[in-house]
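Here is the naming used below: chain letters follow the sequence lines, and residue numbers restart at 1 for every chain.
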Amino acid sequence: MNPAPRRTYYFVDMNEKRKPYPYDRIEPKWQSIWAEKGTFRTPNPGDADFDPAKPKFYVLDMFPYPSGSGLHVGHPEGYTATDIIARYRRMKGFNVLHPMGWDAFGLPAEQHAIKTGEHPRENTAKNIANFKQQLNRIGFNYDWNREVNTTDPGYFKWTQWIFRLLYESWYNPETRKAEPISTYTGANPDGVRLAFVSEAPVNWCQGLGTVLANEEVVDGKSEVGGFPVERRPMRQWMLRITAYAERLIDELQGLDWPEGIKLLQKNWIGRSEGAHVYFVLENFENTPTSLIALALDTDKADHPEADAVPEGHRVHRTAELTVFTTRPDTLFGATYMVLSPEHPLVDIFAADEHKEAIAKYRAEIGGKSDLERTELSKDKTGVFIGAYAVNPVNGERIPVWIADYVLMGYGTGAIMAVPAHDERDWEFAKKFELPIRAVVQTAAGGNVEEACVAGEGTAINSHNAALSLDGLPTADAKSKIIDWLEANGGGERKINYKLRDWLFSRQRYWGEPFPIIWTDGKHSSLPESELPLLPPDLDDFKPTGTGEPPLAKATDWVRYSEAATRETNTMPQWAGSCWYYLRFCDPRNPEHFVSPEAERYWMDGGKPGGVDLYVGGTEHAVLHLLYARFWHKVLFDYGYVSTPEPFQRLVNQGLILGEDGQKMSKSRGNVVNPDEVIQEFGADALRLYEMFMGPLEQVKPWSMAGVQGVARFLARVWRLIMEENQEGQWVLSDAVQDVELTGAQQRVVHATIKKVTEDIESLSFNTAISQMMVCTNELTAATVRPVAALRALLQVLNPFAPHLSEELNETLDRKFPGAESGLLAGRTWPEYNPAFLVEDEIEMPIQINGKLRERIVVKKDAAAAEIEAIALASPKVQEHLAGKTPRKVIVVPGKLVNVVV
RNA sequence: GCCGAUGUGGCGAAAUGGCAGACGCAGCGGACUUAAAAUCCGUUGAGGAGAAAUCCUCGUGCGGGUUCGAGUCCCGCCAUCGGCACCA
């Protein structure tokens with residue numbers, strides 16, 4: 001049933017500030033019409049009004065954290081862009097999925113709860129209501145039936161479900177896929193689960209009583225509150241994202257993402273090709289397997305005697321040190337070794353008389369924050385541990401040192417030092433007077449005693465009885481020595497990644513509880529039937545201060561059974577945002593996180609990525625996008641989703657700066673609130689200005705004068721169609737008539753349709769708007785304004801300024817019913833006719849030696865010879881030629897003529 | 001240090017290798033008005049010649065190059081912003 005037709009009269013209210021057009025009445029009017037009619041409700045496959053003949057288009061915004069301070073003008077930038085795309089695609093005949101939701105777990109709500117005692121749930125609900133109301137005032141076409149909220153048990157049930165899936169899975173390197181843990185045949189399944197427990201050094205913040213993610217720590221202090229942060233080993237849940245490192249790099253290839261973002265991800269994952277090289281320790285040659293050495297990816301479960309070996313380490317044949325190097329070709333130049341001070345083997349290999357110095361050095365650097373450690377990087381420090389290793393390639397005896405320039409977290413935590421060809425090793429060798437031996441000759445050359453000679457070249461001084469690299473270019477030398485090492489048990493080819501496993505637990509209240517219970521120190525997952533696992537209600541959200549999470553205070557909740565207790569950590573904020581785009585496809589489904597039918601329809605467009613367009617800020621270029629891709633791939637391996645990647649096309653909108661050109665912030669007082677802009681200029685003006693400022697992806701400053709400019713444009717469009725009568729009412733202008741368009745009007749209207757269509761496709765909204773301004777200026781000049789021209793303009797303007805265009809179109813329709821009826825939002829996008837764009841005669845510039853000298857007018861299809869003749873005959877040209885004969889005349893028909901003398 | 005992005009009027013910006021500055025802001029002049037605001041019309045890169053219409057020179061961060069022709073392509077710099085930062 002349609003509601004009774006509305007009729008709106010506008011009176012100029014003298015008491016009120018005069019508005020260029022009554023946006024304050026028409027905007028709420030259309031917003032409520034859209035809500036009542038359900039204009040933007042998107043049916044799913046299986047729904048009665050679903051049309052399977054239409055292609056799908058999934059256009060998504062990065063959903064916001066609903067903060068207490070509400071929206072600022074940066075938010076609607078990307079949202080307006082996707083809003084335009086969604087409206088446009090719908091008019092182009094697509095089924096459009098364009099949802100919005102809330103990433104609502106997070107530290108601010110919890111901090112607020114600690115301060116005020118108000119439950120985070122209540123505060124979050126208020127903030128969401130505020131955000132939603134602000135978004136609706138801008139007139140976005142979200143399908144609110146699909147709203148999701150990560151803190152809703154109906155949602156986080158499935159976040160917990162996916163975590164449980166990760167926990168019950170391992171990555172099978174043979175199949176290169178996640179599989180149920182039951183297919184793993186090794187002795188220690190807990191060592192390979194995709195979600196696992198680890199004793200990891202974490203950023204512990206005493207002031208906040210919680211661990212923090214790396215990105216929450218700035219300069220050794222907490223981002224919130226500025227409290228000191230220390231590294232402390234704690235029992236933590238980790239996700240084995242490193243298992244997917246290779247796929248996360250390789251599968252970027254098929255995505256339409258900015259190359260810069262792909263590169264950022266690749267660098268973050270940090271793939272390096274090289275080798276592991278084993279160095280036997282002097283005096284430990286016959287020490288059997290009771291000693292350990294580092295080697296990532298090696299399965300300690302194959303060695304049952306190695307129960308005491310920490311995660312990720314392996315048992316060696318003998319007491320060896322393994323190093324990772326990307327330059328195995330320089331092995332003959334290794335003159336010493338360096339271990340990270342935290343390396344577990346230091347205590348085993350160190351000579352007794354050096355142990356005191358080692359302890360002292362460790363204490364020194366232990367007191368340093370990460371910042372200090374890197375700040376002092378210019379000055380290398382370290383101590384000799386009194387041990388010697390044997391270089392496998394020449395049997396040479398080289399000293400072993402510890403130094404903080406070698407990081408425990410990368411590679412094996414140990415390096416072979418080649419001071420001649422590595423800048424850091426060179427500095428260290430110079431300071432401690434260690435030998436430097438050149439083994440690579442580079443094109444640039446140089447004396448290794450004076451400076452480090454970095455880069456590739458030709459191997460020299462690199463031979464033993466059985467092997468010579470001398471004369472080989474670096475690449476060949478690398479592969480030859482790796483072959484030799486592999487044949488002689490001295491090492492192996494190895495690919496190393498910078499990416500670390502993902503620290504996935506937080507000692508917080510306001511997050512998803514883990515679906516895990518502990519029995520006799522062993523963990524197991526809750527049965528699916530017990531999900532969602534709700535957090536307990538607490539009276540007091542303060543941290544315990546001991547490192548125990550707040551959930552530990554709820555002793556009844558923690559007690560699962562006589563024998564078992566619940567995990568008290570919660571998941572980080574990233575968890576809910578890792579899969580929300582899937583829930584939007586089928587947001588209320590109680591049986592599945594998304595039904596297979598809905599998933600297939602909305603996500604499978606025949607491309608690697610599911611979401612057709614994803615728009616958000618660069619601040620998520622690495623972490624969110626990497627995490628979501630990881631989860632998606634696990635779900636893909638199980639067949640729960642039909643594409644290997646979540647997001648096909650990614651666009652980062654640029655930051656909006658304050659009017660002062662500075663980043664918007666409360667402390668600078670340059671934050672612009674969209675509500676104020678709407679109050680003064682209307683939502684359509686806000687939308688239009690956000691898009692008119694400049695290219696979407698560029699950083700650009702706000703300007704209220706600019707808003708006024710586009711508001712003026714909208715008012716001009718209004719007055720194309722409306723005029724004020726004697727009583728001060730806005731009524732349809734008499735100039736609007738059902739007449740044929742003039743040639744010039746035909747041309748500008750069709751040029752506008754063409755340009756706006758193409759510019760929306762390429763997200764060049766600013767130039768689309770200028771073209772509509774050109775069109776409006778042209779029509780303003782006309783004394784009689786053809787309805788057809790106005791209708792076309794309103795139709796292409798509709799995605800940008802939906803309220804104004806619907807209102808004007810309704811007014812036009814009352815007097816001039818057209819071929820289509822109903823809302824513009826439901827009509828078909830106009831086509832342009834190329835025949836109207838061509839002019840009979842065109843103006844062509846004439847250059848002489850590349851300088852513009854004259855313009856001529858020729859028939860549009862004039863032949864090159866004809867144009868040349870006209871050009872040369874021009875008096876101006878003759879004058880400039882000054883009697884000289886042109887050497888060459890270049891005629892580009894339709895473009896220009898260039899005469900060369 | 002490494003990686004990436006960006007440098008065009010007073011400002012935001014536009015230009016498939018082909019008339020640099022579309023469109024908008026600000027400015028200036030005019031119309032309407034008792035007046036102002038709003039609106040409409042015109043004008044506006046810099047410098048120079050001319051009474052004027054017009055014309056000339058220079059001009060896209062800097063220096064080179066390719067080309068009949070470069071804001072656009074190539075080489076080398078500089079500056080600003082963003083990310084990473086002893087990653088072996």
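- Contact annotation for A:Leu263: backbone-only contact, meaning every heavy-atom pair under 4.0 Å involves sugar-phosphate atoms and none involves a base.
- Heavy atoms of A:Ser272 sit under 4.0 angstrom from primed sugar atoms or phosphate atoms, though from no base atom.
- Put simply, A:Lys876 has a side-chain N or O that comes within less than 4.0 Å of OP1 or OP2 on B:C55.
- For the pair A:His880 and B:C56, the criterion of a side-chain N or O lying under 4.0 Å from OP1 or OP2 is met.
- Here A:Thr326 lies in heavy-atom contact (under 4.0 Å) with sugar-phosphate atoms only.
- Nucleotide B:G48 is shown with an anti base, its glycosidic torsion being more than 90° from 0.
- Nucleic acid contact class of A:Arg271 (heavy atoms, under 4.0 Å, all strands): none.
- Look at B:G69: it lacks any Watson-Crick or wobble partner with both distances under 3.5 angstrom.
- Pairing of B:G9, defined by two Watson-Crick or G-U wobble distances under 3.5 Å, is not identified with any nucleotide.
- Phosphate contact (OP1/OP2 of B:A13, side-chain N/O of A:Gln698, threshold under 4.0 Å): present.
- Close to B:A15, at under 4.0 Å from its OP1 or OP2, lies no side-chain N or O of A:Lys895.
- A cation-pi contact, defined as under 6.0 Å to the ring centre and within 45° of the axis, links A:Lys380 to A:Tyr405.
- Distance CD1 (A:Ile867) to P (B:G18): 17 Å, rounded to an integer number of Å.
- An OP1 or OP2 oxygen of B:C40 is reached within less than 4.0 angstrom by a side-chain nitrogen or oxygen of A:Arg719.
- Of the side-chain N and O atoms in A:Arg712, one or more sit less than 4.0 angstrom from OP1 or OP2 of B:C25.
- Atom CD1 of A:Ile269 and atom C1' of B:C84 are 14 Å apart (whole Å).
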